[in-house]
Amino acid sequence: VTLAEDLTAALVFGAGSSTTGTVSVAADKKIVGAITSATTAAIGATTEGILTFANAATDTVLASTTIGTSANALKALNVGAATAVTGTVTGAVFATTVTTAGAGTTKFSGLVTATTINADGTGTLDSDAGLTAAVVFGADGTIDMAAGKILIGSAQTDTTDTGTLTFATHTADGTIVVNNGATGTSSTNRLKALNISVNNTATTASQATHTGAAYAKTITADASVATDTIQFSGVVNADTLNLDGAGTFTLNGDVTAAVVVSGDSTTTVAAGKIITGAVTNDSGTSGQGTLNLSNTAAAAITLTTSTIGASGALLKAVNITNSDDEATTLAGNIFATAVTATATDNLDLITFSGTVNGTTLNVAGAGQSSFSEDINAGVVFANTVSTTGAATVAANKKIVGAVTTATTDQGILTFTATTADTTLASSTIGATDKLLKAVNVTSTANTATLAGNVFATTVTATATDDTGSDKVAFS
């Protein structure tokens, strides 16, 4: 059946519509009345009736009320709009398959419930009430979800790096699960972009949660103010993960992306989860953004594979906690105003494979921290180090900054045996009223120099060669 003009009546697909019975509506023509099927079949059963609207060429309300019902769903709804045109479906939609097309905007004012929504146009699918379906991008189009509205189902793409899924800013109190399924399916079948934002200007907390794995070329999460939170419950895989705003980001799965921090936010990665990629601060202000990392699993792990921060663009803080007696490693150089390494128990170990650069390096916990490269920061042994907390600096590497302890007779500082002339410490170690527990330094065929005063309960200087070629110099 073809409708060349408007239909002002209820439209019912008869019981004999089967799976091929179709009503086609001409461009810019509309149905004013409910649309349903006489066949009792919910989505997932053998539904009947196909309704196709030709792409709207002018702004048109194509259907004024509901299409299908939960008990009498249509087989398919096809709708679209041309460039710069909006075609609107006003009521709720129940159909096994919904397909949008064209370069314009297809607007659904009601909830759309389907098995599959095919977003086949290069335009925009605008959802005002939410989508309950698996969404598949068939072209490089956009799906815009209204504020507070959710996608119950996955979002996939037929061609990698196509399709943009945007959730409008969540401004209400409380938590909303914006998507309870995966976005994209893998690093080789991902969306072009995923955008999530929260901005509750009140003092109460607001949170948006993305439940499944997130695969997109670019993922942008914007938590505007301190009480805003965005949580990714699954893995995050992207070229770039933008963390904008001053709120909180919770990452409960592994992150494979260049992470870009654009505000004074706090990002917490779940215990034992890793970041594969650099973490940078592009806010324009050095000392912005806090990153929290931890490990509790009984296995060695590298929590970050690349640099954190950069010279002139430091993070505000990087906090690492290890509560396991296997090594927890940070592989790249770290640039942050404050770095805190907490190795909880005596046998717990945190290893820094790159340089540590900032104002303060806090060594906390009763365990061990190991530094493979230079430390360009003041080192503070926190009051939690007890009598076993220690920091070990690799051979020929140095501390450029003073070393202090919060509690006298706590904190063990060991410089691994040098193999070349090295000024191991550029400033004082300890203080008259706050002695370290121990300072250990060893020289082999060279001069190892401590440039400042040393205050420690025990100082051990070992020059291994009795010919005089080995020296430990206290300047």
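Just so you know, these numbers come straight off a predicted model, no measurement behind them. If you read the sequence from its start, that first residue is 1, and numbering goes on from there.
- Put simply, the side chain of T220 never gets that close to the backbone of N195: no donor and acceptor are under 3.5 Å apart.
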Under 3.5 Å, which donor-acceptor pairs link side chains of residues 325-335 to any protein atom two or more places apart or in another chain?
from	atom 1	to	atom 2	distance (Å)
T328	OG1	N295	ND2	3.2
T328	OG1	N322	OD1	3.1
T328	OG1	N322	ND2	3.4
N333	OD1	T355	N	2.8
N333	OD1	T355	OG1	3.2

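- Residue pairs meeting the salt bridge (charged side-chain N to carboxylate O under 4.0 Å, His left out) criterion with at least one member in residues 123-148, sequence neighbours excluded, are K107-D126, K107-D128, D140-K192.
- With S283 contributing its side chain and T285 its backbone, the two residues share a donor-acceptor pair below 3.5 Å.
- A heavy-atom distance below 4.5 Å is found between the side chains of I143 and V135.
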Please report the C-alpha distance between N189 and S186 in whole Å, then the side-chain angles of each, then the deciding distance to 0.1 Å, and finally whether the side chain to side chain donor-acceptor pair (under 3.5 Å) criterion is met. CA-CA 5 Å; N189 189 261; S186 70; 5.6 Å; no

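- Counting only heavy atoms from C-beta outward, the side chains of Q231 and H210 never approach each other to under 4.5 Å.
- Looking at residues two or more places apart in sequence or on another chain, you find a salt bridge (charged side-chain N to carboxylate O under 4.0 Å, His left out) between K398 and D374.
- Side chain to side chain, D282 and S262 meet the donor-acceptor criterion of an N or O pair below 3.5 Å.
- Side-chain atoms of N180 and T211 include no donor-acceptor pair closer than 3.5 Å.
- Between the side chains of T296 and S323, no donor-acceptor pair of N or O atoms lies under 3.5 Å.
- Atom NZ of K471 sits in a sparse spot, with 12 or fewer heavy atoms from other residues, nucleotides or ligands closer than 6.0 Å.
- Side chain of Q368 to main chain of A343: no donor-acceptor pair is present (N/O by atom type, distance under 3.5 Å, no hydrogens or angles).
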Run the side-chain contact (heavy atoms from CB on, under 4.5 Å) test on I399 and L413 for me, step by step, so that the C-alpha distance in whole Å, both residues' side-chain angles and the decisive distance to 0.1 Å come before the verdict. CA-CA 11 Å; I399 298 175; L413 176 61; 4.0 Å; yes

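- Under the 3.5 Å distance criterion, the side-chain polar atoms of D228 are left unmatched by any main-chain donor or acceptor of G247.
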Show which side-chain atoms of residues 421-428 pair as donor or acceptor with protein atoms under 3.5 Å away, not counting sequence neighbours.
from	atom 1	to	atom 2	distance (Å)
D421	OD1	T447	N	2.8
T422	OG1	A420	O	2.8
S426	OG	G401	N	3.0

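- No donor-acceptor distance shorter than 3.5 angstrom exists from the side chain of T407 to the backbone of Q410, with no hydrogens or angles considered.
- Partners of T132 by side chain to side chain donor-acceptor pair (under 3.5 Å), not counting sequence neighbours: none found.
- Side-chain atoms of K437 come within 3.5 Å of backbone atoms of T387 as a donor-acceptor pair (strictly under, hydrogens ignored).
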Apply the test side-chain contact (heavy atoms from CB on, under 4.5 Å) to residues L315 and Q288: give CA-CA distance (whole Å), side-chain angles for both, the deciding distance (0.1 Å), then the verdict. CA-CA 5 Å; L315 266 65; Q288 297 278 290; over 6 Å; no

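- The distance from atom CG of L194 to atom OG1 of T164, rounded to the nearest 0.5 Å, is 9.5 Å.
- The side chain to side chain donor-acceptor pair (under 3.5 Å) test applied to T457 returns D409, not counting sequence neighbours.
- Considering L251, N319, T340 as possible partners of N292, the one that fulfils the side-chain contact (heavy atoms from CB on, under 4.5 Å) test is N319.
- Aromatic ring orientation, F352 versus F371: parallel (interplanar angle below 30°, classes split at 30° and 60°).
- For D264, the salt bridge (charged side-chain N to carboxylate O under 4.0 Å, His left out) criterion is met by K316, not counting sequence neighbours.
- F137 is linked by a ring pair (Phe, Tyr, Trp, His ring centres under 6.0 Å) to nothing, counting only residues two or more places apart in sequence or in another chain.
- Shown here are the ring pair (Phe, Tyr, Trp, His ring centres under 6.0 Å) partners of F167, two or more places apart in sequence or in another chain: there are none.
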Pair S386-T384, side-chain contact (heavy atoms from CB on, under 4.5 Å): steps then yes or no: CA-CA 5 Å; S386 186; T384 57; over 6 Å; no

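- By the salt bridge (charged side-chain N to carboxylate O under 4.0 Å, His left out) test, D239 pairs with R190, K217, sequence neighbours left out.
- Residues passing the salt bridge (charged side-chain N to carboxylate O under 4.0 Å, His left out) test with D120, sequence neighbours excluded: none.
- A side-chain hydrogen bond (donor to acceptor under 3.5 Å, both in side chains) with N200 holds for exactly one of T227, D173, T229; it is D173.
- Residue pairs satisfying the salt bridge (charged side-chain N to carboxylate O under 4.0 Å, His left out) criterion with at least one member in residues 331-355, sequence neighbours excluded, are absent.
- With no hydrogens or angles considered, a side-chain donor-acceptor pair links T169 and S197 at under 3.5 Å.
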Take V269 and L291, measure what side-chain contact (heavy atoms from CB on, under 4.5 Å) needs, and give me the verdict at the end. CA-CA 8 Å; V269 183; L291 176 63; 4.2 Å; yes

